[in-house]
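Encoded as C-alpha cells, the structure appears first; notes follow it.
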Amino acid sequence: MNMPIPEVNSRHNAKDQTRFAALWRPALVQAFVKLDPRQLKRSPVMLVVALTAVLTTVLCFAPGGGVSTGVAVQIALWLWFTVLFANFAEALAEGRGKARADSLKAGSQGLTAQRRLRDGSYETVAASALRKDDLVRVVAGEMIPGDGEVIEGIAAVNEAAITGESAPVIRESGGDRSAVTGNTRLVSDWLLVRITSNPGESTLDRMIALVEGAKRQKTPNEIALDILLIGLTLIFLIVVVTLQPFAHFVGGSLPLIFLAALLVTLIPTTIGGLLSAIGIAGMDRLVRLNVIARSGRAVEAAGDVHTLMLDKTGTITFGNRRCSALHAAPGITAKELGEGALLASLADDTAEGKSIVEYLRQLHDFVDPPAGQFEAVAFSAETRLSGIDFQQHRYRKGAVDAVLAFVGMQRLEMPAALAREVERIAQSGGTPLLVCVDKRLLGVIHLKDVVKPGIRERFAELRKLGIRTVMVTGDNPLTAAAIAAEAGVDDVLAEATPEKKLARIRQEQNDGRLVAMCGDGANDAPALAQADVGMAMNDGTQAAREAANMVDLDSDPTKLLDVVQVGKELLVTRGALTTFSIANDVAKYFAILPALFAAIYPQLGVLNLMQLASPQSAILSAIVFNALIIIVLIPLALRGVRVQAASAAHLLRRNLLIYGLGGIVVPFAGIKLIDLLLNALNLV
Ligand SMILES: Nc1ncnc2c1ncn2[C@@H]1O[C@H](COP(=O)(O)OP(=O)(O)OP(=O)(O)O)[C@@H](O)[C@H]1O
Ligand SMILES: [K+]
Ligand SMILES: [Mg+2]
C-alpha cells in the first residue's frame, strides 16, 4: 500500500511555469557570466568540459584526420552548449530565490534604530550599525531594527515581512516568548530590546544568503559525490587516451577532436552539470516552506531522520500556559492560598507567573510587599521552582515533585483531597503547580494549555515514514501522558531537565540513529544543538533559535514532516540523476564505439547495431545528445523526484530500475534519432 512512486513532483507545477516565464531570461545571461573559470572550478566535471571546449575550438582551425571544418565547428559549439546548459540550470535554481531575497533586502533598507546611551538617553543610528548587546527602544508603528531579546515591555508584533503570516503575535520580556526578529513591525505599545546578532548574522541576513545560494557550502554528501565524479572522469580519460594506441596498432588513427569529444560524452556531465542546481533547488523548497536552514547538511540529515523529539509546552501545545483555577489544601482558606500563590508569583516574570498574578488580582485586593523587602527566587528548568523569600518565610510554587521535595514530603503523605485535585488536573492535560510556604502545602494552581490542531494526523504521517516521535517535557508524567495521548506521540519522557533531554538524544545517537529535535525554550537549547536536525520555533527564545540549525518561521513543529520530505527528495533526486548519468555514459561508450572503429576494423560492422551513418555523425550525435539531456533533466532537478512513504531499500530498488535501466536505454534511442536528423539536414 505504501508503494514508493517516484514521479516528477507536481505540487508547484503551475506556479513553477509562471515563474519560469519570468526567470529564463536573466538565467540565460547568468549562464554566460558563469563561464568565469573561478565559478566553473566549483564543478570539476564542468571545468573539464570547458577545457575540452577550448581545445576543440582551437582544433576547428585544423581539424585533421579527414574531419570537415563544418563538423568540427559543430562539435565545438555543442561542447560550449553543454557548459552553458549546466550554468543555465544553476542560474535558474538561484533565480527562484533571488526575487525573494531582493524584496527582503528592499524592506531593510534605510531602517533606523533608537539606541540607548549610557546616560539613558537615545540616539538615532542606522539599523545596520547595531551590534550585539546594544539596547534599542521600539514603539508602535516602528520596525524592529534587528534580532533580539525583549528586556522590558509587552507588545503585539506583525511578522508578515518575515513569516508571511499577518496575524500579530505577542512578544514580552521573560519566559519563552521573548525573541523578536529584525524587520518585523510593532503594532502596539513599546519594547526595550537587547540586540543579539552582529551585522550580517541576523535571521534576515541568513534568509537572504540562503535564497541567493551564494554562500552555499557543499555538504559532505556532495563532496563525496564530487570525488566519485572526479574518479570517473579520470578513468574515462585513461580509456579515451588508450583508444589511440589501439587504432595505431592496426594502422589507423583517430582524430584528436574525436577523442576530445568522446571524453566529454563519457564523463558524468549530466550529474556534474545538475548537482549544484539540485542542492540550490532543495534549499529553495525549504525557504518556500518558511524554514530557514543554517546548513544543507541538516536538510540532508532530515531526509534520514529516525527519531523526532519534541518539547511539549510551546511546541506541541500553544505554550500560553495560563492559570485557570486554584484549589486549596484541606484546612487552608482560599484567601491564604491566594496570598501564598501571589507572593510566590510576584517576582516571577515567566508567562505562567504573570498569568497567576493577573488571575488573583481579579479575585482579591492584595497589598504587595514593598519592593526591596523580599528576595526573588527565579524559575529555572533545573529546580522547576520559583517564588520569594519574604519576612523570614519562603514562598514557593512549582512542579509537584519539586515542591514535595522542597517541603520534605513523600507523594503518599500528600493530603488525599489535594492529591486527587492534582491528579484530576494532570489527567485533563493541565499542569498542576503546588504552592507552599516553608514546610506547609497551601494548594494547587491549575495551568491550562491547548494542543496545536492537526498535530495528531501529522504525527501519523511521520510514523508512516518510519519516524518515531518522542515528547520530552519538564511536566509531570500524568500531564505528559494526557498530552501525549491527545497528540499521538510514540513515547514520552516526563520530568525532564535540560540534561535529561540531552542525554536522551545522545543515547539515540549512540544507537546509530539520526535525531531531530523541535523546541522553543532556553532549556531546549542544549538538546537543539546536540540533535542532528535542531528545529527551533521562531516565536520561542533567542537561545533556542541560536542553538538550532533550522528555524521554522511559522512555529509549527509538524513542519518537520515537510523538511523530512525535502531532505528525502534531495537525496533521492541526487541519487537518481547520478544513477542515470553513469548508466548513460557507459551506454554511450557501446553505442558509438562500433561506429567510430568501423573504418579501422570493418569486422566491427556486426556490432554496429545502431547503424550510425559515419564516425563523424556518431560523435556529433553523441555530443548533441549529451548536451540536450542536461536541458531535458532540468525540470526534474529543480522540482525533485517525489518521494512517498516507503522503506529505503524499496526506494533504492525502484530508482535503480527506473533511472539505471532508463539511463542505459535512452542514449541508444536518442543518439540514433539525432543521427537520423543530422543526416536528413545534411549537417554531417
Ligand atoms: N514559573 C514557574 N514557576 C514554578 N514552576 C514552574 C514555572 N513554570 C513551569 N514550572 C514547572 O516546571 C516544569 C518545567 O517547566 P519547563 O518550562 O522547564 O518545561 P519544559 O522542560 O520546557 O517542558 P515543556 O515545555 O514541555 O513543559 C513545568 O512542568 C511546571 O511544573
Ligand atoms: K557525459
Ligand atoms: Mg518549554
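Note that the coordinates shown come from a computational prediction; the quantities given were computed from them, not determined experimentally.
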Check residues 349-357 and write down every donor-acceptor pair under 3.5 Å in which the side-chain atom is one partner and the other belongs to a residue at least two apart or another chain.
residue	atom	partner	partner atom	Å
Thr350	OG1	Asp348	OD1	3.0
Thr350	OG1	Asp348	OD2	3.4
Thr350	OG1	Gly353	N	3.1
Glu352	OE2	Arg321	NE	2.8
Glu352	OE2	Arg321	NH2	2.9
Lys354	NZ	Glu172	OE1	3.1
Lys354	NZ	Ser173	O	3.0
Ser355	OG	Cys323	N	2.9
Ser355	OG	Glu352	O	2.9

Could you note down all residue pairs passing salt bridge (Lys or Arg N to Asp or Glu O under 4.0 Å) where [range] supplies at least one of them, sequence neighbours left out?
range            : answer
residues 122-132 : Arg115-Glu123
residues 414-424 : Glu421-Arg424
residues 296-309 : Glu300-Arg574
residues 375-391 : Arg384-Asp401, Asp389-Arg396

Pick one: which of Ile505, Val533, Asp532 meets side chain to side chain contact (heavy atoms under 4.5 Å, CB included) with Met517?
Ile505
Can you spot which of Val403, Thr479, Ile445 makes a side chain to side chain contact (heavy atoms under 4.5 Å, CB included) with Pro432?
Thr479
[X] and [Y] ion-paired at < 4.0 Å:
X      : Y      : answer
Glu358 : Arg322 : yes
Asp490 : Arg463 : yes
Asp189 : Arg171 : no

As an exercise, state the distance from [atom1] of [X] to [atom2] of [Y], rounded to the nearest 0.5 Å.
X      : Y      : atom1 : atom2 : result
Thr469 : Met309 : OG1   : CE    : 11.0 Å
Glu149 : Leu191 : CD    : CG    : 12.0 Å
Leu404 : Glu413 : CG    : CD    : 9.0 Å
Lys397 : Leu343 : NZ    : CG    : 10.5 Å

Sequence neighbours excluded, the answer for salt bridge (charged side-chain N to carboxylate O under 4.0 Å, His left out) partners of Asp119 is none
Will you find, in the side chains of Arg545 and Thr181, an N or O donor that is under 3.5 Å from an N or O acceptor?
yes
Please determine, by modelled atom types, if Glu142 and Gln114 share a side-chain donor-acceptor pair under 3.5 angstrom.
no
Is [X] reaching over with its side chain to a backbone N or O of [Y], donor-acceptor style, under 3.5 angstrom?
X      : Y      : value
Asp147 : Gly182 : yes
Thr473 : Ala494 : no
Asp556 : Thr558 : yes

Is the count of non-hydrogen atoms from other residues, nucleotides or ligands lying under 6.0 Å from Lys448 atom NZ greater than 12?
no
In terms of the angle between their ring planes, are Phe390 and Tyr395 parallel, tilted or perpendicular, with boundaries placed at 30° and 60°?
tilted
